[in-house]
Protein chains: 2
Amino acid sequence: MTDARAATIEDVARHAGVSRAAVSKVIRNAYGVSPAMRERVTAAIEALDYRPRVAARAMRGSSFTLGIELPHIGNPFFTKIVAGATAALQGTGYQLIIAPADVDGEEGVRALGALADRQVDGIIAISPLVSTAWLERLGTRMPIVMIGRHDRSENYDTVTGDDAEGTRLAMAHLFDLGHRRIAHLTRSADVTHPGSGTPHAVRLEQYLASMRSAGLEHEIRVIRTGMTEDAARVDTLAALDDDRPTAIFVGNDELALGALRAVGEAGLTPADVSVVGYDDVDIASHPAISLTTIDQSGVEMGDRAIRLLLERIRDGRIEPTHFSVTPVLKARASTRAVRTG
Amino acid sequence: MTDARAATIEDVARHAGVSRAAVSKVIRNAYGVSPAMRERVTAAIEALDYRPRVAARAMRGSSFTLGIELPHIGNPFFTKIVAGATAALQGTGYQLIIAPADVDGEEGVRALGALADRQVDGIIAISPLVSTAWLERLGTRMPIVMIGRHDRSENYDTVTGDDAEGTRLAMAHLFDLGHRRIAHLTRSADVTHPGSGTPHAVRLEQYLASMRSAGLEHEIRVIRTGMTEDAARVDTLAALDDDRPTAIFVGNDELALGALRAVGEAGLTPADVSVVGYDDVDIASHPAISLTTIDQSGVEMGDRAIRLLLERIRDGRIEPTHFSVTPVLKARASTRAVRTG
DNA sequence: CTGAAAGCGCTTACAG
DNA sequence: CTGAAAGCGCTTACAG
């Protein structure tokens with residue numbers, strides 16, 4: 001009835017006939033509380049349906065909230081990372097909040113800043129488009145795990161896939177199938193800046209290296225596109241010209257789905273143009289899609305990122321840790337032996 | 001250098017030689033600030049790289065944060081809702097945080113509670129598995145928009161698809177193709193409880209009604225499954241027995257993809273067993289998938305939910321509003337005319 | 001083991 | 001237009 005405002009710690013203390021400090025201790029499971037007091041307080045909490053305000057707690061202690069910055073919520077690979085993180089958080093008392101940075105590339109700073117402003121106890125940043133210096137500064141303020149990028153720092157942990165190795169696997173697979181004219185479809189130049197350490201940068205560099213060491217420098221062809229499947233479809237379609245490649249190594253699965261769509265729309269099949277993706281999102285294994293790709297276990301990445309964060313928060317770890325997952329080739333029907341003619 | 005702790009409003013006030021109240025007014029763009037003072041404060045904010053702590057603001061005013069509860073982050077339809085919401089938030093000064101409830105059905109309460117504990121200024125709840133009474137109580141405390149469920153309340157807004165109409169479109173399409181033996185693949189009984197108003201409940205009821213009014217009561221077959229594509233694959237496979245249906249109307253696209261996979265694994269094609277989904281997720285239109293489905297515009301739902309929330313927060317609207325999007329049939333290759341034999 | 005008091009960083013009336 | 005003071009709901013030393 002008199003539901004006007006939710007109970008506060010003051011209400012609970014009064015109801016139980018104890019001090020606010022005592023209630024606080026019970027809530028936090030702190031030492032120095034008699035069983036009798038614990039019982040009375042617990043009963044009062046129950047009776048008043050009391051829940052501590054996170055904002056008030058955050059002012060003095062911690063917010064029991066971990067934040068994850070998502071560059072593009074439409075990408076199912078990121079979704080797998082979040083699923084892994086969510087599962088790892090079960091029973092820890094911490095809550096995950098996601099800050100989507102969907103709109104454009106510059107939004108990463110905003111999303112990360114928004115998490116910091118909310119006093120989260122730690123942040124997972126997925127291949128954020130911010131400078132190492134910026135992230136390092138944030139890392140002095142709170143625990144950070146960066147997923148994806150290969151640049152390291154004393155101030156934050158990293159969880160990465162071995163993108164060079166993954167790319168080598170993909171290229172070797174195509175070479176084995178007899179392909180020589182292999183194009184690479186990747187994001188715009190600002191995401192693949194050499195030395196930036198982004199997954200896309202590393203994959204591009206290794207693509208170039210693999211082509212060169214196979215003596216195929218003259219066959220190198222880099223196609224640029226945006227962040228979405230549809231952008232990839234449009235840009236692939238434009239690249240299926242007279243001089244078209246026999247295979248395309250694509251920077252990630254979401255873009256590879258667009259490339260596959262383009263191949264179909266051009267009246268071709270994987271027998272004409274093979275497509276390899278990267279990530280192994282769920283739909284890649286669907287028989288109708290059957291996309292050859294590199295599995296880099298997003299679930300494990302999310303799980304690991306949470307563990308690293310909790311180590312810093314609860315165990316007080318300071319030294320940076322760098323964890324790497326091993327990529328695995330998933331050969332499927334979207335890659336075929338090159339036509340001999 | 002002395003980056004020990006981030007600047008507070010006190011630091012800014014001192015730097016600018018004004019009171020904290022003055023800084024607060026400038027931040028909030030409140031009335032009664034001379035241009036000169038505004039300029040000095042702005043300069044000080046810039047110089048100190050000051051950002052107000054959200055937790056502190058939330059204690060007195062608002063958190064400028066909106067929360068969205070996601071039942072299952074793996075479902076790309078929910079992802080579209082989030083994308084619509086994110087876009088609608090651009091330039092409003094509000095930030096969206098997502099609370100995933102991925103783990104199991106009961107997690108909805110936890111996720112919603114977590115958002116409430118964080119003093120968000122408003123909440124979007126996607127078909128939450130909580131009672132109307134529970135949600136109503138929450139609605140007295142903060143603005144709420146519920147997406148999906150058809151139950152209404154004086155205390156919150158709703159954004160729904162016309163699930164009965166969408167189901168009618170799907171069933172009419174199958175009838176037109178000559179199907180009679182049409183099964184319905186849906187979630188477990190606790191999600192389709194009659195009268196609960198969940199989308200799955202409404203779709204199930206309309207499936208039954210459509211079958212009955214077509215004189216096909218004896219062909220009714222309801223197959224139950226879990227929340228994931230893989231669960232749907234397994235349960236569909238089990239249903240492709242000697243007495244198998246010629247068509248399956250599936251509760252949503254994610255499950256329909258699993259059903260499609262099962263059809264393939266059973267050595268059949270849509271020419272043997274047609275499949276209709278619901279939602280029109282992106283991959284449904286991929287030529288290799290080509291899933292017939294009902295488009296209910298998740299992006300528009302997310303956009304609308306944000307607008308309704310902001311109306312309550314900023315304009316002080318009190319009367320509940322109910323918004324419905326109109327479903328559209330997307331007929332594709334996963335539905336074929338029934339074989340005459 | 002228990003509690004009174006200070007303080008976290010803001011906003012909000014209220015004086016001036 | 002400007003500022004001093006109270007207060008939001010917690011946690012944290014510090015006494016007792």
Side-chain angles (χ1 to χ4, degrees), chain A residues 4-42 44-45 48-65 93 114 116-121 141-142 313, chain B residues 4-42 44-45 48-65 93 114 116-121 141-142 313:
Chain A
R5 37 192 68 266
T8 70
I9 199 172
E10 174 71 42
D11 300 325
V12 176
R14 194 155 30 205
H15 188 100
V18 301
S19 71
R20 296 194 319 248
V23 178
S24 176
K25 278 176 194 153
V26 171
I27 295 169
R28 291 176 291 116
N29 257 309
Y31 291 110
V33 188
S34 68
M37 166 161 293
R38 178 177 303 281
E39 192 163 345
R40 293 175 63 189
V41 169
T42 306
I45 288 175
L48 299 180
D49 193 26
Y50 168 70
R51 309 195 48 151
R53 236 67 92 239
V54 171
R57 304 186 82 171
M59 301 248 357
R60 300 283 317 174
S62 41
S63 61
F64 299 101
T65 306
D117 295 346
R118 271 153 194 81
Q119 261 127 297
V120 293
D121 296 336
R141 293 232 238 280
M142 60 183 63
I313 295 169
Chain B
R5 35 192 70 265
T8 71
I9 199 171
E10 175 71 43
D11 300 324
V12 175
R14 195 154 29 206
H15 188 100
V18 302
S19 70
R20 296 193 319 248
V23 178
S24 176
K25 277 176 194 153
V26 171
I27 295 169
R28 291 176 291 115
N29 257 310
Y31 290 109
V33 187
S34 68
M37 164 159 298
R38 177 176 306 280
E39 192 162 345
R40 292 174 64 189
V41 169
T42 305
I45 288 175
L48 300 180
D49 194 25
Y50 168 70
R51 308 195 51 151
R53 237 66 95 238
V54 171
R57 304 186 81 170
M59 302 247 359
R60 302 283 316 174
S62 40
S63 62
F64 300 101
T65 306
D117 294 346
R118 269 154 196 77
Q119 262 127 300
V120 293
D121 296 336
R141 293 233 235 281
M142 59 184 63
I313 294 169

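Letters go in sequence order (proteins before strands), and every chain restarts at 1.
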Task: D/dC10 OP1/OP2 closer than 4.0 Å to side-chain N/O of A/Ser24 - done: no
Closest of D/dA4, D/dC10, C/dG3 to the B/Ala21 side chain is D/dA4
Contact check, residues 11-19 of chain B vs DNA chain D, heavy-atom distance under 4.0 Å, returns B/Val18, B/Ser19
- Item | Contact check, side chains of A/Asp11 and A/His15, non-hydrogen atoms, under 4.5 Å | no
Intra- and inter-strand pairing of DNA chain C, written as dot-bracket with Watson-Crick and G-U pairs under 3.5 Å and | for the latter, reads |||.||||||||.|||
- Counting just side-chain N and O atoms, does B/Ser34 come under 4.0 Å of either OP1 or OP2 of D/dT2? yes
Could you walk me through whether B/Thr65 and B/Arg118 pass side chain to side chain donor-acceptor pair (under 3.5 Å), step by step? CA-CA 9 Å; B/Thr65 306; B/Arg118 269 154 196 77; over 6 Å; no
> How far apart are the C-alpha atoms of A/Val26 and A/Val18, what are their side-chain angles, what is the distance that settles it, and do they pass the side-chain contact (heavy atoms from CB on, under 4.5 Å) test?
Replying inline: CA-CA 11 Å; A/Val26 171; A/Val18 301; over 6 Å; no
Practice prompt. Examine C/dT11: is either OP1 or OP2 under 4.0 Å from a nitrogen or oxygen in the side chain of B/Arg57? Give yes or no.
Written response: yes
Between B/Arg60 and B/Met37, whichever has its closest DNA chain D nucleotide further toward 5' is B/Met37
Ranking D/dG9, D/dT2, C/dT11 by distance to the side chain of B/Ile27, first place goes to C/dT11
Checklist entry - Are side-chain heavy atoms of A/Arg53 and A/Thr8 found at a separation under 4.5 Å? => result yes
What contact category does A/Tyr31 fall into here, base, sugar-phosphate, or nothing, at under 4.0 angstrom with non-hydrogen atoms?
nothing
With a 4.0 Å limit, can you tell me whether B/Arg20 has a side-chain N or O closer than that to the phosphate oxygens OP1/OP2 of D/dA5? no
- Residue B/Glu10 excluded, over 12 heavy atoms near CD under 6.0 Å: yes
| request: Begin with the C-alpha distance, continue with both residues' side-chain angles, and end with the deciding distance and a verdict on side-chain contact (heavy atoms from CB on, under 4.5 Å) for B/Val41 and B/Val33. | output: CA-CA 10 Å; B/Val41 169; B/Val33 187; over 6 Å; no
- Scan side-chain atoms only and decide if A/Arg20 and A/Ser24 contain a donor-acceptor pair under the 3.5 Å cut-off. no
When every non-hydrogen atom of B/Met37 is compared with those of B/Ala22, the smallest separation belongs to SD-CB, 3.3 Å
